[in-house]
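Note sheet for the following structure.
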Amino acid sequence: EVGSTYGKLPQLERQFAELQNAKHALAIANGTVAITVALQAAGVKQGDEVIVPPYTFVATASAPLLFGAIPVFVDIEEDTFLLDPEKVEAAITPRTKAIVPVHIAGCPANMDRIMEIARKHNLVVVEDSAQAVGASWNGQSVGTIGDLGTFSLQSNKNLNSGEGGIITTNNSTHWEHAWSLVNVGRVPGGAWYQHERIGQNYRLTEFQAAIALAQMTRLEQQMRTREANA
């Protein structure tokens, strides 16, 4: 049976979900494929358009390209460097399927307005929270406001395991789909050679999970130090 609850990997997923107040957390190889898998799990397909800000790490735009979706740039707010919600609607076309707001340097984008626009146009929202572990918007943790959220554990992030990523969601269907894509098409609780869809091996290792768990023991103190310094 796959999807064991024992080991460092499921422990990391449980503790990270608790940290971000999410129902589900899924460990993954890195933050780039986290965005790719999150978009696919939410139903974005080849040829669909994905709205992204131009001020971000390249992965925000390259992640949809990995499966043939098209990134469409919408400009940022001059005073925040975050995706400008008031410019999003003008970029929506019949092919638009998703919005990927980016929480730059731990500062959340205007999720109230972005979610309002997304619901109006029936669009998926994947929060690129690579730089925003522990951040929240109006009291709600990032990564739980949109349909899914993605985080990076790469070596220059606030919480790091050298390399790695996390997907968060409160939607159990999205979680199961993402879990399957990360685990070569298996299904949680299924047989080892039971492959229900096409997936890849995007799993994080036990070793990296152990490092991330150790880093989490001092995350809160580090966050307080950063805020005091800022």
Side-chain angles (χ1 to χ4, degrees), residues 4-38 41 55-60 63 80-83 100-111 125-171 174-175 178-179 182 202-230:
S4 170
T5 58
Y6 301 101
K8 298 299 183 185
L9 199 57
Q11 182 184 348
L12 171 62
E13 291 172 338
R14 287 192 298 269
Q15 289 190 206
F16 196 90
E18 184 178 344
L19 173 68
Q20 294 300 132
N21 296 305
K23 184 175 181 181
H24 301 287
L26 173 65
I28 191 169
N30 56 63
T32 303
V33 295
I35 302 171
T36 298
V37 169
Y55 183 68
T56 181
F57 182 60
V58 67
T60 311
T80 68
F81 298 156
L82 303 169
L83 179 67
V100 182
V102 182
H103 307 314
I104 292 290
C107 297
N110 185 342
M111 291 305 298
V125 175
V126 173
E127 298 174 70
D128 182 346
S129 313
Q131 303 176 7
V133 169
S136 61
W137 170 261
N138 286 342
Q140 187 171 355
S141 299
V142 299
T144 68
I145 306 167
D147 297 277
L148 301 103
T150 65
F151 297 81
S152 173
L153 305 180
Q154 185 262 346
S155 58
N156 68 11
K157 300 304 188 296
N158 293 4
L159 175 68
N160 90 81
S161 57
E163 188 55 272
I166 301 275
I167 296 172
T168 54
T169 184
N170 289 328
N171 184 309
H174 290 340
W175 168 79
W179 191 97
V182 169
Y202 286 141
R203 292 187 297 269
L204 193 71
T205 66
E206 283 281 290
F207 183 76
Q208 289 167 303
I211 294 173
L213 283 166
Q215 294 287 335
M216 286 181 76
T217 64
R218 57 190 192 141
L219 177 64
E220 188 175 343
Q221 178 58 52
Q222 289 177 332
M223 289 169 62
R224 285 199 297 265
T225 301
R226 289 189 181 97
E227 291 215 1
N229 290 342

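Positions are given from 1, in the same order as the sequence printed here. All figures in this text were calculated on a predicted structure; none of them were measured in a lab. Side-chain atoms are counted along with the backbone in the values below, which use heavy atoms only and exclude waters and symmetry mates.
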Who pairs with A17 by side chain to side chain contact (heavy atoms under 4.5 Å, CB included), at least two apart in sequence or on another chain?
-> A25

Minimal heavy-atom distance between A38 and T150, with the atoms involved, is CB-CG2, 3.8 Å

Taken in chain and number order and not counting sequence neighbours, the residues that satisfy ring-ring contact (aromatic ring centres under 6.0 Å, His included) with Y55 are F81

Please name all residues satisfying side chain to side chain donor-acceptor pair (under 3.5 Å) with Q154, sequence neighbours left out, ordered by chain then number.
-> K157

What residues form a side chain to side chain contact (heavy atoms under 4.5 Å, CB included) with T205, not counting sequence neighbours?
-> F207, Q208

Under 3.5 Å, side chain of T168 to main-chain N/O of G143, donor-acceptor pair present?
-> yes

Applying salt bridge (charged side-chain N to carboxylate O under 4.0 Å, His left out), name anything that partners E206, two or more places apart in sequence or on another chain.
-> none

For E220, which residues count as a side chain to side chain contact (heavy atoms under 4.5 Å, CB included) partner, sequence neighbours excluded?
-> R224

Heavy-atom closest pair, residues A109 and V102 | CB-O, 4.2 Å

Nearest non-hydrogen partners of T60 and I35, listed with the distance | CA-CD1, 4.0 Å

Starting from the C-alpha separation in whole Å, work towards a yes-or-no answer on side chain to side chain contact (heavy atoms under 4.5 Å, CB included) for L213 and Q15.
-> CA-CA 8 Å; L213 283 166; Q15 289 190 206; 3.6 Å; yes

Could you tell me the separation between the CD1 atom of I167 and the CG atom of L26, rounded to the nearest 0.5 Å?
-> 5.0 Å

Begin from the C-alpha positions of M111 and V125 and carry the test side chain to side chain contact (heavy atoms under 4.5 Å, CB included) through to its verdict.
-> CA-CA 10 Å; M111 291 305 298; V125 175; 4.0 Å; yes

Can L12 and K8 be said to form a side chain to side chain contact (heavy atoms under 4.5 Å, CB included), step by step?
-> CA-CA 6 Å; L12 171 62; K8 298 299 183 185; over 6 Å; no

Quick one: closest heavy-atom pair of L159 and A212, and the distance?
-> CD1-O, 3.8 Å

Can L82 and N110 be said to form a side chain to side chain contact (heavy atoms under 4.5 Å, CB included), step by step?
-> CA-CA 8 Å; L82 303 169; N110 185 342; over 6 Å; no

Any pair counted as salt bridge (charged side-chain N to carboxylate O under 4.0 Å, His left out), so long as it reaches residues 160-170, sequence neighbours left out = none

Spell out, as yes or no, whether a donor-acceptor pair under 3.5 Å connects the side chain of E127 to the backbone of I145.
-> yes

Would you mind listing every side-chain hydrogen bond (donor to acceptor under 3.5 Å, both in side chains) that reaches into residues 16-27, with sequence neighbours excluded?
-> N21-S141, K23-S172, H24-S172

Taking all non-hydrogen atoms of both residues into account, name the closest pair between L9 and A27 and its distance.
-> CD1-CB, 3.5 Å

Provide the closest heavy-atom pair for I166 versus I28 in the form atom of the first, atom of the second, distance.
-> N-CG2, 3.8 Å

Identified side-chain contact (heavy atoms from CB on, under 4.5 Å) counterpart of N158 within the set Q131, R226, M223 = R226

Could you list all the salt bridge (charged side-chain N to carboxylate O under 4.0 Å, His left out) pairs where at least one residue sits in residues 140-152, not counting sequence neighbours?
-> R119-D147

Residue list, side chain to side chain donor-acceptor pair (under 3.5 Å) with T225, at least two apart or on another chain = Q221

Side chain to side chain donor-acceptor pair (under 3.5 Å) partners for S152, two or more places apart | none

So ring pair (Phe, Tyr, Trp, His ring centres under 6.0 Å) across residues 127-151, not counting sequence neighbours, yields F16-F151

